[in-house]
Protein chains: 2
Amino acid sequence: MITSPTLATSGAERLVLAGLARSATLNAQEVQLVSSCASHTDSVEAGQELAELGTFLSKPKLVLSGWVGHARLLDDGRRQIVELNIAGEPTAFGLRPLSKARASYVALTPVRYAEIGELVERAMARPDQYPGLVSGLRAADDEGHSRLYDHVVRAGRMLAHERLAHFALDLCRRHERVGLCVSQSFPMPLTQEVLGDVLGLSTVHVNRTLQQLRREGLLKTTSGRWQIPSVEHLETVAGGGAHGQ
Amino acid sequence: MITSPTLATSGAERLVLAGLARSATLNAQEVQLVSSCASHTDSVEAGQELAELGTFLSKPKLVLSGWVGHARLLDDGRRQIVELNIAGEPTAFGLRPLSKARASYVALTPVRYAEIGELVERAMARPDQYPGLVSGLRAADDEGHSRLYDHVVRAGRMLAHERLAHFALDLCRRHERVGLCVSQSFPMPLTQEVLGDVLGLSTVHVNRTLQQLRREGLLKTTSGRWQIPSVEHLETVAGGGAHGQ
DNA sequence: CGCACATTTGACGAGAATCAACTGCAGTGG
DNA sequence: CCACTGCAGTTGATTCTCGTCAAATGTGCG
């Protein structure tokens with residue numbers, strides 16, 4: 001695997017790292033454990049694999065920037081991206097030890113990440129000493145599970161424009177959590193081809209559906225960002241896909 | 001909730017209960033804990049809800065017979081069944097405490113089940129004393145997670161006949177695990193309408209696709225059962241949906 | 001028998017995939 | 001500086017999968 005040399009961790013990235021705790025506050029011991037991760041960061045270019053299908057997830061990471069996809073391939077080349085991880089989310093991560101990768105974890109953009117293997121191990125070994133981290137990791141795992149449910153509903157029962165609306169709302173909320181969402185606007189570095197692999201649509205249809213949403217003023221797409229002018233309005237388009245819980 | 005009175009647990013059901021351990025062997029203490037569940041069984045009719053969307057999964061159960069579906073509704077009536085549980089599988093179950101139902105857990109047929117709340121709590125509290133049960137519960141949780149990935153791929157990227165083939169193979173394997181699969185034949189109590197809600201297809205299209213598979217000799221459907229004449233053959237139809245592994 | 005419900009069939013239309021070509025744009029090198 | 005290249009986005013024409021509507025057939029059961 002080709003990786004660029006470890007770069008200094010920026011202040012913004014430290015903030016993302018600290019966000020691991022989700023809503024909980026961290027005690028002194030936890031803060032130290034988190035900051036020790038700041039020196040174990042690395043990056044990969046787009047297209048690189050972070051974890052291989054079927055292997056053990058022994059090296060969990062926290063995404064600092066960029067997007068990771070959990071991809072499954074069908075033998076004729078079709079691809080389905082089952083889940084995404086953006087900044088602030090654990091990836092190549094399984095709460096219980098010995099969990100295997102159920103997909104190929106691919107960097108969909110250049111990705112910076114921190115190794116959190118040691119952090120996870122220590123925290124899970126003594127939950128009483130690391131309550132904030134443990135609840136943060138559990139919450140992240142739980143949200144991932146929830147998103148899988150959403151994804152099945154999207155792919156199974158929603159029309160193209162509903163899928164896009166539902167997906168955009170999900171991304172908006174997730175970026176809000178890490179402070180990357182300003183005035184309902186967040187980064188969208190994915191090509192329409194990749195977007196199709198996420199939503200179960202062809203590239204061409206993604207393009208046409210996006211145009212429709214733009215025409216109706218439901219979504220603005222400018223220079224690698226999406227903006228949602230009215231969340232309420234977009235929610236009505238997304239159907240009743242029961243967000244979050 | 002309307003429930004019929006608790007009935008005596010049959011020998012077959014005790015076997016299903018014991019299957020909770022998956023491949024692991026149980027120690028004396030575990031065996032006793034499991035058999036204590038045999039006296040906490042109940043049943044519900046088809047259509048009843050076992051756990052409500054958004055509520056805490058505080059009363060986990062083990063399915064003894066019948067099928068449970070995790071259903072999500074869209075506001076115009078469309079329904080997607082995100083996951084299924086058959087005999088031998090935990091349902092309304094979350095490995096970590098305080099996990100919420102991400103869907104409505106519905107009995108798709110008459111369902112017999114055992115309450116395993118106490119078992120789960122005791123086992124997870126002292127994993128060293130109940131190694132077999134803990135690993136069994138973890139394995140069940142893990143398989144469920146895996147099936148979600150499969151389900152997204154099915155719904156997102158597979159054609160109708162591929163979805164059905166993939167689904168039939170999945171069911172065959174799961175029924176094998178509990179000894180309910182004889183010569184590649186297993187129960188199929190779901191109506192084609194429910195099948196559509198599982199696979200993200202219309203009732204009519206399920207019907208036509210089933211006919212196609214039957215015509216091609218890939219699937220036999222007789223009196224509430226499905227039979228797979230050739231697993232290898234059906235696997236080639238299912239594409240490369242990377243099963244379980 | 002008659003009722004309710006599941007399965008099946010036909011005709012038609014809508015949503016999405018496919019194929020192919022064209023545009024626009026950033027990066028590269030002559 | 002500008003032609004050339006590669007890739008993402010866009011467009012049009014066409015095909016195909018699948019959904020919808022409606023009616024008919026089949027099946028278990030009181």
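So that the names make sense, note that chain A is the first sequence line, chain B the second, and so on, each numbered from 1.
In this structure, the separation between CZ on Arg78(A) and OG on Ser202(A) is 13.0 Å, given to the nearest 0.5 Å. Rounded to the nearest 0.5 angstrom, Leu164(B) CG and His205(B) NE2 are separated by 9.0 Å. Distance check, rounded to the nearest 0.5 Å: NE2 of His151(A) to CG of Asp170(A) gives 9.5 Å.
Donor-acceptor pairing under 3.5 Å is recorded for the side chains of Ser185(A) and Arg225(A). If you check the side chains of Arg214(B) and Thr221(B), you find a donor sitting under 3.5 Å from an acceptor. If you check the side chains of Glu193(B) and Thr203(B), you find no donor sitting under 3.5 Å from an acceptor.
Not a single ring-ring contact (aromatic ring centres under 6.0 Å, His included) links His161(B) to another residue, sequence neighbours left out. Shown here are the ring-ring contact (aromatic ring centres under 6.0 Å, His included) partners of Tyr105(B), two or more places apart in sequence or in another chain: His70(B).
Between Glu89(A) and Arg174(A) there is a salt bridge, with a side-chain nitrogen of the basic residue lying less than 4.0 Å from a carboxylate oxygen of the acidic one.
Rounded to whole Å, atom C1' of dT10(D) lies 16 Å from atom CD of Gln212(A). Glu162(B) has its CD atom 14 Å from the P atom of dA17(C), to the nearest Å. Between the P atom of dA17(C) and the CG atom of Leu195(A) lies a distance of 13 Å, rounded to the nearest Å.
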Extract from the structure each pairing of a protein N or O with an N or O of nucleotides 14-18 of chain D at less than 3.5 Å, listing the distance.
{"from": "dC18(D)", "atom 1": "OP1", "to": "Ala160(B)", "atom 2": "N", "distance (Å)": "2.9"}
{"from": "dC18(D)", "atom 1": "OP2", "to": "His205(B)", "atom 2": "NE2", "distance (Å)": "3.1"}
{"from": "dC18(D)", "atom 1": "O5'", "to": "His205(B)", "atom 2": "NE2", "distance (Å)": "3.3"}

Sub-3.5 Å pairs of nitrogen or oxygen atoms, protein against nucleotides 7-9 of chain C:
{"from": "dT7(C)", "atom 1": "OP2", "to": "Gln192(B)", "atom 2": "N", "distance (Å)": "2.8"}
{"from": "dT8(C)", "atom 1": "OP1", "to": "Arg214(B)", "atom 2": "NH2", "distance (Å)": "3.3"}
{"from": "dT8(C)", "atom 1": "OP2", "to": "Gln192(B)", "atom 2": "NE2", "distance (Å)": "2.9"}
{"from": "dT8(C)", "atom 1": "OP2", "to": "Asn207(B)", "atom 2": "ND2", "distance (Å)": "2.8"}
{"from": "dT8(C)", "atom 1": "O5'", "to": "Asn207(B)", "atom 2": "ND2", "distance (Å)": "3.4"}
{"from": "dT9(C)", "atom 1": "OP2", "to": "Gln211(B)", "atom 2": "OE1", "distance (Å)": "2.5"}
{"from": "dT9(C)", "atom 1": "OP2", "to": "Gln211(B)", "atom 2": "NE2", "distance (Å)": "3.0"}

For nucleotides 23-28 of chain C, which of its nitrogen or oxygen atoms have a protein nitrogen or oxygen under 3.5 Å away, and what is each distance?
none

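Interface residues of residues 215-225 of chain B facing DNA chain D, ordered by number: none; criterion, heavy-atom separation under 4.0 Å.
The shortest non-hydrogen separation linking Ala168(A) to Leu234(A) is CB-CD2, 4.1 Å.
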Given side-chain contact (heavy atoms from CB on, under 4.5 Å), test Tyr113(A) with Val68(A) step by step and report yes or no. CA-CA 10 Å; Tyr113(A) 61 87; Val68(A) 175; over 6 Å; no

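Using a 4.5 Å cut-off on side-chain heavy atoms (C-beta onward), Lys220(B) and Pro229(B) make contact.
A tilted orientation is assigned to the rings of His175(A) and Trp67(A), their planes being inclined by 30° to 60°.
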